[in-house]
Amino acid sequence: MSDTVRIAEGIYWIGVNDFETNLFEALWPLPRGVSYNSYILIDDKVVLIDTVKGPFFSDFLDKIRSLLPEGRKVDYLVVNHMEPDHSGSIKVLREAFPEIKIIGNEKTKGMLDAFYGVTDNVVTVKDSDELEIGSKTLQFHMTPMVHWPETMMTFEKTTGLLFSGDAFGGFGALNGGIFDDEVDVDYFEDEVLRYFSNIVGRYSSMVQKAFEKLKNVDIKVVCATHGPVWRKNPSRIIELYDRWSKEETEEGVVLVYGSMYGNTQKMMEAVASGLVKGGVDKIRVHNISTTHISFIIRDIWRFRGLVLGSCTYNMELFPPMKQLVSAIENRMMKNRKIGVFGSYTWSGGALKELQEFASKSKCDQVGPVIEAKSCPTQEDLEKCVELGLNMASAIKK
């Protein structure tokens, strides 16, 4: 999508779509791309809200100039977030508009120097500071650690538009439409959760602080830096973010297994059988060797039950499972039910590490704990079914 899009009188989306990057932050798969959303406000003053990733500057500049009469300059750039997928065009933008003033907070100021050597024409704002640009007024809200220390949000008071930075944003390019009533909302909700759980989730307590700060702000449209603009039902994405950051979970179970030769997989299938017998209909099974960790983390964040099963590899936890366990610990997840099982042949190790993880977590462990030697016996499989049944009972409120 190459056109500018009007959001309100004098306010336009001037973002770009990226279908070329395979891994966001060199970590997270982008099967359907990602958008970098930037916005322009044209009033007595012209204001940009964030920029785009550096390689897309030419298209970005064309959009700016298409909206401005010849000779009209850009007065301000508001930097809500300094991550380079949003700030990457700042240096060349200053060459195009040498008199532009950059608005950010004190931490933004330091990052502008560290990233781009920019130290002049920087305006520092504090919480609740305002800037009148004509008929419109911008109000700045500091939201540190959502998800960098300098992050802030900008609210336009006359239209009720909240320029929220990375908050409320997600993966997925915008194909043909930018608004929530023009796109596949269910897909974008999944991708917002994948973004949130993998990147922002660790800082959930700071998200809740941001909600407290914004509780009296009358938000009519949410304009994030990734994903759709929520104009029809902004409360939907706000409520989801609130629930996710409180780690309120749905009734369902994520079953993740690591199996080299199919024996641990047999145990997983027995656990799944027990879950079904226990009345669980939302079961997400992931082979840790073939499913990218970001999709697994997304599902774990959503559902109340988690069962991990792993073979032993060189007297340790299977390496991909070890990575997952580390990722879960890093995100400090809580309020879940956990079950574990493992297998070994000539030396144990996997189950011990899974039990240590379960005992350290702020979650309730569900038994039995099962460890099979080489190939699971009928007794092992029956215990796996029992684990599934017990987990089904534990996740029901």
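Owing to the predicted nature of the structure, the values given are computational and were not obtained by experimental measurement.
Looking at S164 and C223, their side chains never come closer than 4.5 Å, going by heavy atoms from C-beta outward. Proximity of I133 to L41: side-chain heavy atoms (C-beta onward) are separated by under 4.5 Å at one or more points. The shortest distance between side-chain heavy atoms of V253 and L306 does not fall below 4.5 Å. When side chains are defined from C-beta on, L255 counts as touching M268, because their heavy atoms get closer than 4.5 Å. Residues I178 and L174 form a side-chain contact, since some pair of their non-hydrogen atoms from C-beta on lies under 4.5 Å apart. Counting only heavy atoms from C-beta outward, the side chains of R65 and R72 never approach each other to under 4.5 Å. For the pair T249 and R302, the minimum side-chain heavy-atom distance is 4.5 Å or more. Contact of the T312 side chain with the L317 side chain is not registered, since no non-hydrogen atoms from C-beta on lie closer than 4.5 Å.
Residues in residues 292-351 take part in these ring-ring contact (aromatic ring centres under 6.0 Å, His included) pairs, two or more places apart or across chains: F196-W301. For the ring-ring contact (aromatic ring centres under 6.0 Å, His included) condition, no pair includes a residue of residues 93-135, sequence neighbours left out. Among pairs with a residue in residues 133-173, those fulfilling ring-ring contact (aromatic ring centres under 6.0 Å, His included) read F24-F171, Y39-F163, H81-H147, H81-W148, F168-Y241, F171-Y195, at least two apart in sequence or across chains. Sorted by first and then second residue, the salt bridge (charged side-chain N to carboxylate O under 4.0 Å, His left out) pairs involving residues 335-349 (not counting sequence neighbours) are E247-R336, K337-D364.
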For this session: Apply the test side-chain contact (heavy atoms from CB on, under 4.5 Å) to residues L381 and E269: give CA-CA distance (whole Å), side-chain angles for both, the deciding distance (0.1 Å), then the verdict.
Result: CA-CA 9 Å; L381 295 177; E269 291 174 324; over 6 Å; no
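Side chains of R194 and S294: a donor on one and an acceptor on the other come within 3.5 Å. Between H226 and D85, the side chains place a donor N or O and an acceptor N or O closer than 3.5 Å (distance only, hydrogens not considered). T225 and D50 share no side-chain donor-acceptor pair at under 3.5 Å. At a cut-off of 3.5 Å, with distance as the only test, no side-chain donor of S359 or E356 sits close to an acceptor on the other residue.
How far CE of M267 is from SG of C311: 11.0 Å, rounded to the nearest 0.5 Å. To the nearest 0.5 Å, atoms CG (N105) and CE (M111) are separated by 8.5 Å. Atoms OG1 and CD1, from T108 and I102 in turn, are 10.5 Å apart once rounded to the nearest 0.5 Å. Annotation: the span from T4 atom OG1 to I64 atom CD1 amounts to 11.0 Å, rounded to 0.5 Å. To the nearest 0.5 Å, atoms OG (S343) and CD (Q265) are separated by 11.5 Å. We find the CG-CZ distance between N17 and R32 to be 11.5 Å, quoted to the nearest 0.5 Å.
Shown here are the side chain to side chain contact (heavy atoms under 4.5 Å, CB included) partners of D62, two or more places apart in sequence or in another chain: S58.
Under a cut-off of 6.0 angstrom, the local environment of OH in Y187 is crowded, with over 12 non-hydrogen atoms contributed by other residues, nucleotides or ligands. Surrounding CD of E132 are at most 12 heavy atoms belonging to other residues, nucleotides or ligands under 6.0 Å away. Sparse packing is recorded around CD of E9, with 12 or fewer heavy atoms of other residues, nucleotides or ligands lying under 6.0 Å away.
Under the 4.5 Å side-chain heavy-atom criterion for grouping Ile, Leu, Val, Met, Phe, Trp and Tyr, L389 is not connected to I370 through any hydrophobic cluster.
In this structure, R6 forms no cation-pi arrangement with Y12, as its terminal cationic atom is not both closer than 6.0 Å to the ring centre and no more than 45° off the ring axis.
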Pair up each side-chain donor or acceptor in residues 276-289 with any protein partner under 3.5 Å, not counting sequence neighbours, and list the distances.
from	atom 1	to	atom 2	distance (Å)
H286	NE2	D299	OD2	2.7
N287	OD1	S289	N	2.9

